2 protein chains.
Amino acid sequence: MNMTLTPVRRAESLRESLEGDIATGLYPAGTRLDEVKLASRFGVSRTPIREALIELAASGLVEIRPRRGAFVREISIPRLVEMFEVMAEYEAMCGRLAARRITPEELVALQTAHEACQNAETAGDPDGYFHANQTFHEAIYLASHNGFLAEQASGLSNRLKAYRRLQLRVRNRVASSLAEHQAIVDAIASGDSEAAATALRQHVLIQGERFNDFVSQVSRHQGAGGSSG
Amino acid sequence: MNMTLTPVRRAESLRESLEGDIATGLYPAGTRLDEVKLASRFGVSRTPIREALIELAASGLVEIRPRRGAFVREISIPRLVEMFEVMAEYEAMCGRLAARRITPEELVALQTAHEACQNAETAGDPDGYFHANQTFHEAIYLASHNGFLAEQASGLSNRLKAYRRLQLRVRNRVASSLAEHQAIVDAIASGDSEAAATALRQHVLIQGERFNDFVSQVSRHQGAGGSSG
DNA sequence: ATGAAAAATCTTGTATACAAAAAAGATTGA
DNA sequence: TCAATCTTTTTTGTATACAAGATTTTTCAT
């Protein structure tokens, strides 16, 4: 039942499919994405595939090496740390602005999302939690009332999705994550922009040993080699 | 004398050309970019043109409306304010990290860039100042030792380039800009990360009446209509 | 058996061809 | 004269064709 209102280039939906396939690990980092194979897999010609790959390259998910093809980008651990460092700052900035600018309706949406997270946790539903968590953070992006910032934050969050999933596997992460959410909601609701910024920054950074746990998870997932810069 | 070391897809150099043509105003905001015309202008087929347009769309410079073509994106004033708000935060973050992580060599590079700015100002060379200023900020991005952040900052700075040029036309802007640079260098050199962050944030934000001057410049430049969201 | 050089194959990058959607223009009825 | 509909033209989106650069395989000399 496809009721698309705006027409979409085929290449664009292909991009989404490929994005998903990369995120789920169907095409792990380093994989060469053969245009002809992808074309036959999706039942289209090479043209829309190429266009999708170019979009993916622009968003940083794949790397196009001229005359040699598109490869799923290897993200080294240091690079990942850098990306999380920036993500933390996006979140902090969204929180700082949201504390000052959030509307009553947006605050309700944020609280609802927070409750959904709590429900998923009591229900012991990790996938549900993951999804609700995403909604929670999106609510903050929107409440920043800076559309450009919201786009950047969503974009990077999306690129880090696969790794955030791993992050939640760290022991007790979900429980402490919920406590942090509560502090964030409180800070935003009371209009304390600096508290909101700090809480969100820390929430993303996962400082101390937690972070090491996380890194070791990623290492195991990627295989030993720290590899490319 | 083209001594390109890495091969480049034709589409990629086309993207750079078009980027320049948009920045210089050859194709002003709202212009429809006709694939066939561009193809004949550059003496290539539509294929590489399309690929270049897709890249430009990904970077946000143009908008592709399915089945109706590519248009140079209109950036509304509110949107521009949002982008500067994010730019300010990128700079602040780079400064905060640079104050902690800068190497002696990088500090020398930063001071050299600062002097180049001063020389351009005494020489009364606005273009020279513009360029030296860019070098100065790039030096800070690099000194952050966060390659991902540096890429984001460079990218956005590049997208805002045309508007920053306008910004400098505001009366006395260059002089006060230089004073701010000095404060930034001092903060970074002394390792005061919060001072560096604050100085850089303010440097970009151009608060108070300065900002209104700037906005009115932009309005005049774009024509009256505040237009699209 | 090993390594270098040459040939064959594969793959990308670009050009061209064609179908379908939009836009522009012509035609008809009021 | 104006509006609505039909027709023509333009333009995008996708498929296919082809050339040149990679890659792999084969061949040959040591």
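Side chains are part of it too, since the values below use all heavy atoms of this structure and drop only hydrogens, waters and symmetry mates. Naming: A, B, ... by sequence-line order, numbering from 1 per chain. All of these numbers come straight from a predicted model, not from anything done at the bench.
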Q: Salt-bridged, B:Arg79 to A:Glu151, with N to O below 4.0 Å?
A: yes
Q: Rounded to whole Å, how long is the line connecting atom CG of A:Leu38 with atom P of D:dA15?
A: 14 Å
Q: Walk me through whether B:Glu82 and A:His145 qualify under side chain to side chain donor-acceptor pair (under 3.5 Å).
A: CA-CA 9 Å; B:Glu82 291 179 359; A:His145 288 257; over 6 Å; no
Q: Testing the 3.5 Å rule here: is there a donor-acceptor pair between the side chains of A:Ser157 and A:Gln134?
A: no
Q: Which angle, to the nearest 10 degrees, lies between the helix axes at the two ends of the helix from C:dA1-D:dT30 to C:dA30-D:dT1, each defined by five pairs?
A: 10°
Q: Show your reasoning for whether salt bridge (Lys or Arg N to Asp or Glu O under 4.0 Å) applies to B:Arg46 and B:Asp34.
A: CA-CA 10 Å; B:Arg46 277 175 54 221; B:Asp34 189 287; over 6 Å; no
Q: Please report the closest heavy-atom contact between B:Ala70 and B:Leu53, naming both atoms and the distance.
A: CB-CD1, 4.0 Å
Q: Taking the side chain of B:Ser45 as its heavy atoms from C-beta onward, which of D:dT11, C:dA15, D:dT16 lies nearest to it?
A: C:dA15
Q: Using a strict cut-off of less than 4.0 Å between a Lys/Arg side-chain nitrogen and an Asp/Glu carboxylate oxygen, indicate whether B:Glu19 and B:Arg159 qualify as a salt bridge.
A: no
Q: Roughly, in whole Å, what's the span from CD in B:Glu35 to P in C:dA17?
A: 17 Å
Q: Could you state the atom-to-atom distance from CZ of A:Arg46 to C1' of C:dG13 in whole Å?
A: 7 Å
Q: Check this for me: does any side-chain nitrogen of one of B:Arg101 and A:Glu85 sit under 4.0 Å from a carboxylate oxygen of the other?
A: yes
Q: Could you check A:Leu14, A:Leu33, A:Val44 and say which one makes a side chain to side chain contact (heavy atoms under 4.5 Å, CB included) with A:Leu38?
A: A:Leu33
Q: What residues from residues 47-56 of chain B pass a heavy-atom cutoff of under 4.0 Å to DNA chain D?
A: B:Arg50
Q: Determine the minimum heavy-atom distance between B:Ile49 and B:Ser45, stating which atoms define it.
A: CG1-O, 3.6 Å
Q: I'd like to know if A:Arg201 pairs up with A:Glu91 as an ion pair, taking the criterion as any Lys NZ or Arg NE/NH1/NH2 lying under 4.0 Å from an Asp or Glu carboxylate oxygen.
A: no
Q: When you get a sec, tell me which of D:dT23, D:dG13, D:dG21 is the closest nucleotide to the side chain of A:Arg67?
A: D:dG21
Q: Can you list the residues that meet the side-chain hydrogen bond (donor to acceptor under 3.5 Å, both in side chains) rule with A:Arg68, with sequence neighbours excluded?
A: none
Q: Any N/O pairs under 3.5 Å between the protein and nucleotides 6-8 of chain D? List them or say none.
A:
none

Q: Measure across A:Pro28 and A:Val72 and return the closest heavy-atom pair with its distance rounded to 0.1 Å.
A: O-CB, 3.5 Å
Q: Expressed as a whole number of angstroms, how long is the span from A:Arg68:CZ to C:dG13:P?
A: 11 Å
Q: What is the separation between atom CG on B:Leu33 and atom P on D:dG13, rounded to the nearest whole Å?
A: 13 Å
Q: What residues, two or more places apart in sequence or in another chain, satisfy side-chain hydrogen bond (donor to acceptor under 3.5 Å, both in side chains) together with B:Lys37?
A: none
Q: Between C:dA23 atom C1' and B:Arg65 atom CZ, what is the distance in whole Å?
A: 14 Å
Q: Measuring from the side chain of B:Val44 (C-beta onward, heavy atoms only), which nucleotide among C:dA15, D:dA22, D:dT12 has the closest atom?
A: C:dA15
Q: I'd like to know if the side chain of A:Asp125 reaches the main chain of A:Ala120, judged simply by a donor and an acceptor atom lying under 3.5 Å from each other, with no hydrogens or angles considered.
A: no
Q: Distances under 3.5 Å only, N/O to N/O: pair up the protein atoms with those of nucleotides 7-10 of chain C.
A:
none

